[in-house]
Amino acid sequence: MTLSLSPAAVCQCFTLVSLCTSIADPNWINVQNGTHGTQLIYGVAFTLHAAHNITDTDPLGGVNGLGMYLLYALAAACYSAVLLSSSSFLMDFLGVGFSHSRLVSSLHVSTALLCLLVLGISGGCLYVIQENVKKGKLGWLWDRLGEGPSTQDSELQTSPGESLYIEIVGLIFSTVASVFSLCGPSEPIAPSPSVEPGDRAGERTPLIGETGPDQEEWGEFSND
């Protein structure tokens, strides 16, 4: 088994780092009030504590709303992308791609498609939250500020968080890894033979028993 760090493996490594960073960062979608500085943050981390954040799910349409289901789908897609990304990186790093190139290439392509799916789900969730904010479904945020719907509708801003941009970086790296995997060599590159310092082109060391120009063997003396 040949250990090699191919261009596809390098790009997939950066994809894995981007995915893990975007999952750890909770800010995928941000609902913020520009006047009071109050904000609600939604992302993969929010789904892990959704049972304790029931009062913050109104912009998502409630606990059983479409936005909440999209967040669950986002978390599942992110963790699946991490699994595929780590698998494709390890197989490519261990040299499995030289003997099972189609398998490794399919893993790279599947990772890129999952990253694209993650962006699509997060975009859909952002749209749902924006529509709910326009309809005045703010719940806890409104009760805390104690202002009317007309005032809040003009001051609230719904925007994508930094995790979504990090995911875009991961999509770029996974796409490049897929291209390298599909267009890369199917056989390992043989290392060039090492040349010792004393061995130069054109130099030969005569061996005992080799015939010289006078048809005499080296090491024999002429009787003439």
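Scope of the values below: all heavy atoms of this structure, side chains included, with no hydrogens, waters or symmetry mates. Quick note: residue numbers are just sequence positions, from 1.
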Heavy-atom donor-acceptor pair, T15 side chain to C11 backbone, under 3.5 Å: yes
Within a strict 4.5 Å, meaning less than it, do heavy atoms of the S159 and I29 side chains meet? no
So side-chain hydrogen bond (donor to acceptor under 3.5 Å, both in side chains) across residues 104-113, not counting sequence neighbours, yields Q12-H108, D92-H108, S105-S181
I need the minimum non-hydrogen distance between A75 and V44, along with the two atoms involved. CB-CG1, 3.8 Å
Answer whether the closest heavy-atom distance between the side chains of M68 and F46 falls below 4.5 Å. yes
I need the I121 CD1 to Y69 OH distance, nearest 0.5 Å. 15.5 Å
Closest approach of A9 and F93, non-hydrogen atoms and distance? CB-N, 4.4 Å
Nearest-0.5 Å distance, SG of residue C20 to CD1 of residue I166: 11.5 Å
Group every Ile, Leu, Val, Met, Phe, Trp and Tyr by side-chain heavy-atom contacts under 4.5 Å, then state whether L116 and Y127 land in the same group. no
Look up atom CD1 in I129 and atom CG in L71, then write down how far apart they are to the nearest 0.5 Å. 6.5 Å
Are Y72 and L83 connected in a single hydrophobic cluster, I mean Ile/Leu/Val/Met/Phe/Trp/Tyr linked by side-chain heavy atoms less than 4.5 Å apart? no
Can you tell me if W28 uses its side chain to pair, donor with acceptor, with the backbone of L74 under 3.5 Å? no
Which heavy atom of C125 sits nearest to which heavy atom of L60, and what is that distance? SG-CD2, 4.1 Å
Interatomic spacing from OG in S163 to CG in L19 - rounded to 0.5 Å: 11.0 Å
Cluster overlap L114 with L103, hydrophobic side-chain contacts below 4.5 Å: yes
Within this structure, what is the CG-CG distance for the pair L16 and L84, rounded to the nearest 0.5 Å? 11.0 Å
Without placing hydrogens or testing angles, list every side-chain donor-acceptor pair under 3.5 Å for residues 168-175, not counting sequence neighbours.
residue, atom, partner, partner atom, Å
S174, OG, G170, O, 3.1
S174, OG, L171, O, 2.8
T175, OG1, L171, O, 2.8

Exercise: identify the closest heavy-atom pair between P160 and L164: CB-CD1, 4.1 Å
When clusters are formed by joining ILVMFWY residues with side-chain heavy atoms under 4.5 Å apart, either directly or through shared neighbours, do L117 and Y165 land in the same one? yes
Would you say E167 and S122 make side-chain contact, with heavy atoms under 4.5 Å? no
If you compare all heavy atoms of L182 against all heavy atoms of V109, which two are closest, and at what distance to 0.1 Å? CD1-CG2, 4.2 Å
Taking side chain to side chain contact (heavy atoms under 4.5 Å, CB included) as the definition, give me every residue that meets it alongside N27, ordered by chain and number, with sequence neighbours left out. D25, N30, I41, E162
Testing the basics here: between V118 and A77, what is the closest heavy-atom pair and its distance to 0.1 Å? CG2-CB, 3.6 Å
Taken in chain and number order and not counting sequence neighbours, the residues that satisfy side chain to side chain donor-acceptor pair (under 3.5 Å) with S88 are none
Would you say L90 ends up clustered with F14 if hydrophobic residues are merged whenever their side chains have heavy atoms under 4.5 Å apart, either directly or through other cluster members? yes
